[in-house]
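Read through the structure below, which is laid out as structure tokens, and then see the notes.
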Number of protein chains: 2
Amino acid sequence: MSQAYASRTPASEEAMGIVEVMDRLGTPMRFARNAEVYAQDDEAEFLYRVVSGTVRTVRFASDGRRLLGDFYYAGDLFGLEAGPRHRFSAEVLTDGVVQVLKRTAVRAFAGEAAMQAAILAETHKELGRTQSHLMLLSCRSARERVAAFLLNQADRCPHPAVELPMGRQDMADYLGLTIETVSRTLTQLQDAAIVEFAAARRFSVKQRDALERLAE
Amino acid sequence: MSQAYASRTPASEEAMGIVEVMDRLGTPMRFARNAEVYAQDDEAEFLYRVVSGTVRTVRFASDGRRLLGDFYYAGDLFGLEAGPRHRFSAEVLTDGVVQVLKRTAVRAFAGEAAMQAAILAETHKELGRTQSHLMLLSCRSARERVAAFLLNQADRCPHPAVELPMGRQDMADYLGLTIETVSRTLTQLQDAAIVEFAAARRFSVKQRDALERLAE
DNA sequence: CGTGTGATTGAAGCCTTTCAACGGCGGTGG
DNA sequence: CCACCGCCGTTGAAAGGCTTCAATCACACG
């Protein structure tokens, strides 16, 4: 019988899951608003997990335009590169804490297999999200993109009032739009009584079905 | 010293690399133009490798628009999902042969570790390509997208005359444009003496630097 | 209460899309 | 072998959506 990788993970030689190892052995680091956790092309020496706050991954095009890879929220692992270097830089949106642990430590305590499995799982998830995002950007209008984004945010917390951790520019760079288009679209959705903004970064969904129809 | 995954691959317990196993044990299957190799949401039961011809991965949006994931050429592995199901369907562009082998067979002959390593490597490559593609679609104009595409194609073969295996519709769905825009843009690039089309699917690069400047 | 940053709004322009017609090449059948 | 047919690609004109440039507004901070 071949030693299946996945089946080896919980075996005796690897007592702890990767998240547990990160929590126990990792160093919590506090980052200020807009601070960089790691830079693009940095060696992928550490693993990271969001404790509090929100993290964004960023990349710049040669013409200076900014592409936002994804957002990571409390509990999310990030920076688990399958390759030797980070392909995006990572920055915290608001002041926050990130648990940091060396790959070598994870390897020693959780086992190479567990780490590889975690990296594969994370890479796979990331690929799925990126593919869906590609679909969003290549096939959908500004209104549909913004609607999908708001719906995602609303689904992240069950509260009636949703707090956005990112500003308009981040939304724009994430959705492949300009900041003005994002702003205008939000106003439109509000005028249509689909969402309501109590403040620039706080909204509530008024007509979920309409939002879902737009986001499809 | 920890046993790095990569370093274990060629070890005694895994005599053959995954590509070698595919070649030796896989079944070559002939597919006709536009035939489907596997469908979206199919169970990822097999691994595939292009022997001849070209393969495209495809996904449909809920509004009917088509998104082209990527193209795969002779020698390329494809369909190595990290998850249980295919997230795109795969179709052959022109008549071609695909080497097919069950994952269970690969696991038995190359070892679970080698297969996982191959899947991770492939998923990582795929993620990198998808991220770059996302950048292309979210930041760049039609001309830049088409230029980047032609440059990629030109780099695929050293011949002065490049043969395109795909039609305009595939290019359009890959680049997030309409077929008309692709066609117009090609005409523009030709009028600018940057490329020259001998036929709809055969072109040569006249000014590589100009093409590179556009593609950046 | 002033200042500065982030968000909104307005107007104009441009690029891409849409709808439509035409052209050309390859394949088939006479 | 030629003629016809159909598909794929090209071209045209008009419309629309997003961007760009610019000014105003709102809110937090000193």
Inset, instruction - Would you confirm whether Arg202(B), through its side chain, and Ala161(B), through its main-chain N or O, come within 3.5 Å as a donor-acceptor pair? - result: no
Inset, instruction - Grab the CG-P distance between Asp170(B) and dG9(D) for me, whole Å please. - result: 9 Å
Inset, instruction - Find the distance Gln169(B):CD to dT17(C):C1' and express it as a whole number of Å. - result: 13 Å
Legend entry - Per-nucleotide protein contact string for nucleotides 17-28 of chain D, where B marks a base within reach and S marks sugar-phosphate only (heavy atoms under 4.0 Å, - for neither): -SBBBB------
Inset, instruction - Find the distance Arg201(B):CZ to dC7(D):P and express it as a whole number of Å. - result: 15 Å
Legend entry - Spacing between Met166(B) atom CE and dC8(D) atom C1', to the nearest angstrom: 16 Å
Legend entry - Qualifying residue, where the test is ring-ring contact (aromatic ring centres under 6.0 Å, His included) with Tyr38(A) and the options are Tyr48(A), Phe46(A), Phe31(A): Tyr48(A)
Legend entry - Rounded distance in Å - CG (Leu164(A)) to C1' (dG6(C)): 14 Å
Legend entry - Leu186(B) CG - dT16(C) P separation (whole Å): 13 Å
Legend entry - dT9(C) phosphate, OP1 or OP2, under 4.0 Å from Thr187(A) side-chain N/O: yes
Inset, instruction - Assess whether salt bridge (charged side-chain N to carboxylate O under 4.0 Å, His left out) is satisfied between Arg49(A) and Asp23(A), documenting all intermediate values. - result: CA-CA 9 Å; Arg49(A) 187 156 184 254; Asp23(A) 278 349; 2.8 Å; yes
Legend entry - Residues Asp41(A), Arg85(A): salt bridge by 4.0 Å N-O rule: no
Legend entry - Ile179(B) CD1 to dC7(D) C1', straight-line distance once rounded to whole Å: 11 Å
Inset, instruction - State plainly whether the residues Glu45(A) and Arg103(A) are in salt-bridge range, i.e. N to O under 4.0 Å. - result: no
Legend entry - Between dT10(D) (C1') and Leu189(B) (CG): distance, integer Å: 15 Å
Legend entry - Steps toward salt bridge (charged side-chain N to carboxylate O under 4.0 Å, His left out) verdict (Glu216(A), Arg140(A)): CA-CA 10 Å; Glu216(A) 248 160 322; Arg140(A) 318 204 80 92; 2.6 Å; yes
